[in-house]
Asker: 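What follows is a structure written as structure tokens; I'll ask about it next.
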Number of protein chains: 2
Amino acid sequence: MVISAETGLFDFSVENSIMNAKKSIFKYIRNMLSKKTKYGIKALAFIAKKGNKKPVQTSEISKSENISQKFLESILLELRKSGFLGSKKGKGGGYYLIKEPEDIRMTSVIRVLEGPIAMVPCVSLNYYEKCDDCPSEEACSVHSLMIQVRDSTLKVLGDNTLADISAKK
Amino acid sequence: MVISAETGLFDFSVENSIMNAKKSIFKYIRNMLSKKTKYGIKALAFIAKKGNKKPVQTSEISKSENISQKFLESILLELRKSGFLGSKKGKGGGYYLIKEPEDIRMTSVIRVLEGPIAMVPCVSLNYYEKCDDCPSEEACSVHSLMIQVRDSTLKVLGDNTLADISAKK
DNA sequence: CTATAACCTACTAATCCGATAGGTTAATAG
DNA sequence: CTATTAACCTATCGGATTAGTAGGTTATAG
């Protein structure tokens, strides 16, 4: 907020021009992978790295991975409800893996946290939705392209398990 | 809005529960490819299909592809400024391709309209940005996974040209 | 000179993301 | 039995984008 020296009132025009400048200078970069999903994967990897079956506290993951604890809580809760994690309340409690890391594919993690893997709903396997505009999917120039992208992404995410990504370092 | 028969007042609790139900039933599906990009690709394909060098009007594309004309105008303008299209004003004017469809890769179109192709800025080639949270990209479990996804997507989008996607049908 | 179609500027509603706040419940330690 | 711990739950919020809409101005063809 800029205050005019002359009038003592808020100078909205200046404020506005600064905001517009910001807009144009710092081009927003769209995240296709939300922080939620990113944090979720990191948390799973963290738990997997520990290896043993003792529960890991949210606070520990939060500190180690620089994630807001409250936000992380909601993510881990969702992962538990989706069957990836088990939990234990009270002292010494926390979250632990239910399945082996080798059996957790990145596709399933991302589908739960993020939603569709496809870039467009009309080529999504699990979250299909027809486009409003396209009368025919076969005639759509974007459709087949996006199917190719989906399939190549699906291949990568399906090949990678939690064991693979938590093995790093 | 629901009106209580007893009090004659708005029953916000009911209203609210309906809205919550809606929220949970109709899960929002995130588009990773914006409509802007989708429309832009469709428009390019439309122009490419025409084949000849006569300018194509925004209104024609808009009607044929079911795209809001004003929105499309802004997209085609951007594509012109980015060097994909040429334009001609006045009667008989419109937009035309500057390069051959074979020479227009989908990667470049998407980068201009959408921005980064990578799912996360920290693995983007053209829009790189460091993550706030990660102290080390090598240690990040998400990083290498997203590099794999990026590369496979880049392969598909780099292999497909405007000629390829407009050849359909 | 007039119709056309590109070009430009500003604004808006709806929506989501990422997070915060403030609590309740269940399990363990002492 | 009591205090502590950590998961669990509900509500709310600011900031930012998307997908337009509105209302013009400029240049070109006939």
Side-chain angles (χ1 to χ4, degrees), chain A residues 12-13 16-17 19-20 22-24 26-40 43 47 54-63 66-81 85-96 113-115 131-133, chain B residues 12-13 16-17 19-20 22-24 26-40 43 47 54-63 66-81 85-96 113-115 131-133:
Chain A
F12 284 110
S13 65
N16 229 326
S17 68
M19 284 169 63
N20 284 334
K22 254 192 172 174
K23 244 187 194 171
S24 56
F26 302 109
K27 191 181 176 184
Y28 168 75
I29 298 189
R30 163 202 265 275
N31 273 309
M32 294 203 287
L33 195 79
S34 65
K35 298 217 167 182
K36 179 174 147 190
T37 306
K38 185 179 157 193
Y39 293 163
I47 297 172
K54 271 199 286 182
V56 183
Q57 285 90 1
T58 307
S59 60
E60 186 186 346
I61 305 174
S62 148
K63 276 171 206 148
N66 300 308
I67 305 171
S68 148
Q69 181 167 344
K70 281 284 189 180
F71 190 27
L72 184 58
E73 273 183 15
S74 68
I75 297 167
L76 293 180
L77 199 56
E78 201 172 333
L79 286 171
R80 194 218 64 188
K81 288 180 179 171
L85 296 171
S87 69
K88 215 182 142 193
K89 284 186 176 180
K91 193 162 195 175
Y95 290 97
Y96 50 90
L113 294 176
E114 191 78 22
C131 295
D132 296 330
D133 46 315
Chain B
F12 284 110
S13 65
N16 229 325
S17 68
M19 284 169 64
N20 284 334
K22 254 193 172 174
K23 241 186 194 170
S24 56
F26 302 107
K27 192 179 177 185
Y28 169 75
I29 297 188
R30 162 202 267 273
N31 273 309
M32 295 204 286
L33 195 78
S34 66
K35 297 218 166 184
K36 179 175 148 188
T37 305
K38 184 180 156 194
Y39 293 163
I47 297 171
K54 271 199 286 181
V56 182
Q57 286 91 0
T58 308
S59 60
E60 188 187 346
I61 305 174
S62 147
K63 276 171 208 151
N66 300 308
I67 305 171
S68 148
Q69 181 168 343
K70 279 287 189 179
F71 190 27
L72 183 59
E73 273 184 14
S74 68
I75 297 167
L76 294 179
L77 199 57
E78 201 171 333
L79 285 171
R80 195 217 65 187
K81 288 181 179 169
L85 295 172
S87 69
K88 216 181 141 193
K89 284 187 179 180
K91 193 162 194 177
Y95 291 97
Y96 50 90
L113 294 177
E114 190 79 21
C131 295
D132 298 330
D133 45 314

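Lettering of chains follows the sequences in order, A, B, ..., and the numbering in each one begins at 1. Note that these values count all heavy atoms, side chains included, but never hydrogens, waters or copies made by symmetry.
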Asker: Encode nucleotides 22-29 of chain D as B, S and - characters from 5' to 3', where the letter depends on protein heavy atoms closer than 4.0 Å: B to the base, S only to sugar-phosphate, - to neither.
Answerer: -BB-BSBS
Asker: If the cut-off is 4.0 Å, is A/S87 near the phosphate of D/dC8, judged by side-chain N/O to OP1 or OP2?
Answerer: yes
Asker: When you get a sec, tell me which of D/dG20, C/dG18, C/dA19 is the closest nucleotide to the side chain of B/K35?
Answerer: D/dG20
Asker: When the distance from CG of A/L113 to P of C/dC17 is rounded to whole Å, what number comes out?
Answerer: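 Between P of C/dC17 and CG of A/L113: 12 Å.
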Asker: Does a side-chain N or O from A/S68 land closer than 4.0 Å to OP1 or OP2 of C/dA19, or not?
Answerer: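 Negative; the distance criterion is not met.
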Asker: Using a 4.0 Å heavy-atom cut-off across all strands, classify A/K81 as base, sugar-phosphate, or nothing.
Answerer: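 If one applies the 4.0 Å heavy-atom cut-off, A/K81 turns out to touch the sugar-phosphate alone, with no base involved.
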Asker: Given 3.5 Å as the limit, does a donor-acceptor pair link the side chain of A/S87 with the main chain of A/G94, or not?
Answerer: no
Asker: Respond yes when some side-chain nitrogen or oxygen of B/Y39 is under 4.0 Å from OP1 or OP2 of D/dG20, and no when none is.
Answerer: yes
Asker: Where the side chain of B/R80 is concerned, which of D/dC9, C/dA19, C/dC7 is the nearest nucleotide?
Answerer: C/dC7
Asker: Is there a side-chain contact between B/Y96 and the phosphate of C/dA5, meaning an N or O under 4.0 Å from OP1 or OP2?
Answerer: no
Asker: So what does B/S74 touch, heavy atoms closer than 4.0 Å: a base, only the sugar-phosphate, or nothing?
Answerer: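 No contact.
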Asker: Please output the side-chain donor-acceptor pairs of residues 68-75 of chain B that fall under 3.5 Å, not counting sequence neighbours, one pair per line with the distance.
Answerer:
from: B/S68; atom 1: OG; to: B/F71; atom 2: N; distance (Å): 3.3
from: B/S74; atom 1: OG; to: B/F71; atom 2: O; distance (Å): 2.6

Asker: Between atom CG in A/L79 and atom P in D/dC8, what is the gap in whole Å?
Answerer: 11 Å
Asker: Measure the distance from CD1 on A/I75 to P on C/dT20 and round it to the nearest whole Å.
Answerer: 12 Å
Asker: Where the side chain of B/L77 is concerned, which of C/dA6, C/dC7, C/dG18 is the nearest nucleotide?
Answerer: C/dC7
Asker: Measure CG/A/L33 against P/C/dC17 and give the value in whole Å, please.
Answerer: 12 Å
Asker: Would you mind telling me which residue lines up with the more 5' stretch of DNA chain C, A/N31 or B/Q57, judged by nearest nucleotide?
Answerer: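 Per heavy-atom nearest nucleotide, the more 5' residue is B/Q57.
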Asker: Apply salt bridge (charged side-chain N to carboxylate O under 4.0 Å, His left out) to B/K38 and A/D133, showing your working.
Answerer: CA-CA 11 Å; B/K38 184 180 156 194; A/D133 46 315; 3.1 Å; yes
Asker: Scan A/S59 against the nucleic acid and name what it touches under 4.0 Å (heavy atoms): base, sugar-phosphate only, or nothing.
Answerer: nothing
Asker: Can you check the B/E78 CD to C/dC8 C1' distance for me, whole Å?
Answerer: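 Computing the B/E78:CD to C/dC8:C1' distance gives 14 Å.
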